[in-house]
Amino acid sequence: MTTFYSLINEVQNTTTSGSTKRQLRALTRITDLFLAGSGRYSKQQIKLFDEIFKTLVAVIELKTRVRLARHLATDSNAPATLVRALASDDAVAVAAPVLSQSDALSESDLVACASTQGQGHLHAIAQRRTISEAITELLILRGEAGVVHAVASNPGARFSDGSFGELVARSSEDTQLALHVGTRHDIPRHHFLKLMETASASVRNKIAAANPQFSDAVHDAVTEVIDDINLEVRNQSPDHARARKKVKRRKYWKELGEADVHAAARAQDFETAVMALSVLAACPIELVERAVLNDNPGTVQLVAKAGGCSWATAKALLLMRVADRRLSKIDLDQAREGFERLELRTARRVLEFYKARRDARTSESHPITPSETGSLAVAMI
């Protein structure tokens with residue numbers, strides 16, 4: 001106990017020559033004493049010891065704390081309790097080095113900081129070499145533009161499907177964020193498609209230019225760029241390849257039917273749902289993808305009807321999370337009325353008209369735009 005208090009006094013003494021090194025040695029020794037008996041400590045005692053470290057670090061002058069944090073940030077053997085105390089420092093200059101670099105911080109440590117600290121701390125976490133889905137969700141939830149941009153442009157960050165959806169939604173009013181999100185190689189294809197539909201023409205071209213594999217797809221016509229890029233992404237997507245193989249196998253055995261679309265929609269399997277529905281409705285997969293992702297329910301109802309699907313399947317398609325429609329019961333009731341009024345032959349005639357018009361416009365290098373497709377479907381319903 002005498003040794004313990006002697007070390008505390010040494011930490012608090014900032015007048016000694018070479019104080020930073022002495023304080024570091026003293027703090028490390030205190031940590032060693034703690035770790036030697038940590039297996040016998042209760043959670044409450046461990047929490048108390050963390051508070052002791054926090055208090056001890058706080059008494060050191062700011063300049064010394066900054067130097068200490070920079071020194072420990074890249075030290076693989078740095079005491080976790082000491083690093084944790086520095087990470088929770090109110091001064092960003094102290095916390096940032098360890099939050100952005102230290103491997104001594106656990107997932108729970110980072111969650112705690114990301115849940116309670118300010119934008120400077122969040123921005124530092126967004127710079128880490130790798131970031132888990134749980135952390136990125138917090139950064140997107142609590143972060144302002146600078147934090148969200150930093151994490152979206154971090155190749156080592158991992159995102160849940162929901163986080164990608166939030167990034168795409170924010171990108172509609174943020175050109176720079178759209179570029180960060182659109183050039184990520186791990187973005188799920190359905191989110192990429194939605195981003196391309198909502199992004200401006202200049203952003204779409206920049207996203208294409210930023211991806212070497214899309215360089216040959218850049219044309220003057222914006223919709224052609226989208227379709228060509230989508231084709232490139234689709235062909236390179238493992239999920240799409242698996243869905244195509246599954247649907248092709250079912251089609252070969254003449255077993256493909258509405259049940260496949262319904263099951264895929266209920267399972268939130270975008271790739272299989274659009275692939276199967278495009279086969280049943282005998283229409284381009286690009287149209288089905290846009291129909292499923294479009295906020296307006298009219299297009300997907302038309303394609304589902306053309307594919308011979310029932311309301312149960314159309315409803316499952318409308319409720320797929322990828323479109324984020326958030327339809328109320330009243331919305332669904334109205335959609336059902338429109339779906340049941342729509343005749344099968346009318347739906348198929350609309351798609352035939354669309355395909356003929358699309359082929360004609362494509363041959364003239366003036367493709368039909370997504371908005372025209374949506375408007376046509378809504379008008380018919």
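Just so you know, residue 1 is the first one in the sequence shown, and it goes up from there.
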Would Arg290 and Glu286 pass as an ion pair if we require N to O under 4.0 Å?
no
Show every ring pair (Phe, Tyr, Trp, His ring centres under 6.0 Å) that has at least one partner inside residues 272-307, sequence neighbours left out.
none
Ring pair (Phe, Tyr, Trp, His ring centres under 6.0 Å): which pairs involve residues 136-180, sequence neighbours left out?
His149-His180, Phe159-Phe164
Side chains of residues 94-102: which donor-acceptor pairs under 3.5 Å do they make with residues two or more places apart or in other chains?
| unit_1 | atom_1 | unit_2 | atom_2 | d |
| --- | --- | --- | --- | --- |
| Ser100 | OG | Ala96 | O | 2.8 |
| Ser100 | OG | Pro97 | O | 3.3 |
| Ser102 | OG | Ala104 | N | 3.1 |

Return the CG to CG distance between Leu105 and Leu110, rounded to the nearest 0.5 Å.
5.5 Å
Check: Leu342 main-chain N/O paired with Thr346 side-chain donor or acceptor under 3.5 Å:
no
Closest heavy-atom pair, Asp161 versus Pro188, reported as atoms and distance to 0.1 Å, is OD1-CG, 4.3 Å
Looking at Arg70, I'd like to know if its CZ atom is crowded, meaning that more than 12 non-hydrogen atoms belonging to other residues, nucleotides or ligands lie closer than 6.0 Å.
no
Donor-acceptor under 3.5 Å (Ser153 side chain, Ala150 main chain)
yes
Summary of salt bridge (Lys or Arg N to Asp or Glu O under 4.0 Å) pairs that have at least one residue in residues 108-128, sequence neighbours excluded
Arg84-Asp109
Distance-only criterion, 3.5 Å: show the donor-acceptor pairs between side-chain atoms of residues 165-172 and protein atoms not counting sequence neighbours.
| unit_1 | atom_1 | unit_2 | atom_2 | d |
| --- | --- | --- | --- | --- |
| Glu166 | OE2 | Arg170 | NE | 3.3 |
| Arg170 | NH2 | Ile140 | O | 2.6 |
| Ser171 | OG | Leu167 | O | 2.7 |
| Ser172 | OG | Ala169 | O | 2.8 |

Output for pair (Leu139 CG, Ile131 CD1), nearest 0.5 Å, gives 6.0 Å
Taking all non-hydrogen atoms of both residues into account, name the closest pair between Leu138 and Ser115 and its distance.
CD1-OG, 3.6 Å
Partner set under ring-ring contact (aromatic ring centres under 6.0 Å, His included) for His191, not counting sequence neighbours
none
Strictly by salt bridge (Lys or Arg N to Asp or Glu O under 4.0 Å), give each pair with a member in residues 130-157 just once, sequence neighbours left out.
none
Measure the CE-CG distance between Met320 and Leu318 for me, rounded to the nearest 0.5 Å.
10.5 Å
May I have the step-by-step check of side-chain contact (heavy atoms from CB on, under 4.5 Å) for Glu289 and Phe270, ending in yes or no?
CA-CA 9 Å; Glu289 289 172 343; Phe270 173 79; 4.1 Å; yes
Under 3.5 Å side-chain donor-acceptor pair for Glu107 and Ser132
yes
Any residue meeting salt bridge (charged side-chain N to carboxylate O under 4.0 Å, His left out) with Glu343, in chain and number order, not counting sequence neighbours
Arg345
Quick one: ring pair (Phe, Tyr, Trp, His ring centres under 6.0 Å) pairs with a partner in residues 272-318, sequence neighbours left out?
Trp311-Phe339
Measure the CD-CD distance between Gln301 and Glu340 for me, rounded to the nearest 0.5 Å.
10.0 Å
Return the minimal non-hydrogen interatomic distance between Val322 and Gln268, and the atom names on each side.
N-OE1, 4.5 Å
Check salt bridge (charged side-chain N to carboxylate O under 4.0 Å, His left out) between Glu352 and all other residues, then give those that pass, not counting sequence neighbours.
none
Can you list every ring pair (Phe, Tyr, Trp, His ring centres under 6.0 Å) pair that touches residues 289-309, not counting sequence neighbours?
none
Suppose the criterion is salt bridge (Lys or Arg N to Asp or Glu O under 4.0 Å): which pairs have a residue in residues 316-325, not counting sequence neighbours?
Asp324-Arg326
Closest non-hydrogen atom pair, Cys113 against Leu122
O-CD2, 4.4 Å
Donor-acceptor pair, distance only, cut-off 3.5 Å: does the side chain of Lys315 make one with the backbone of Leu332?
no
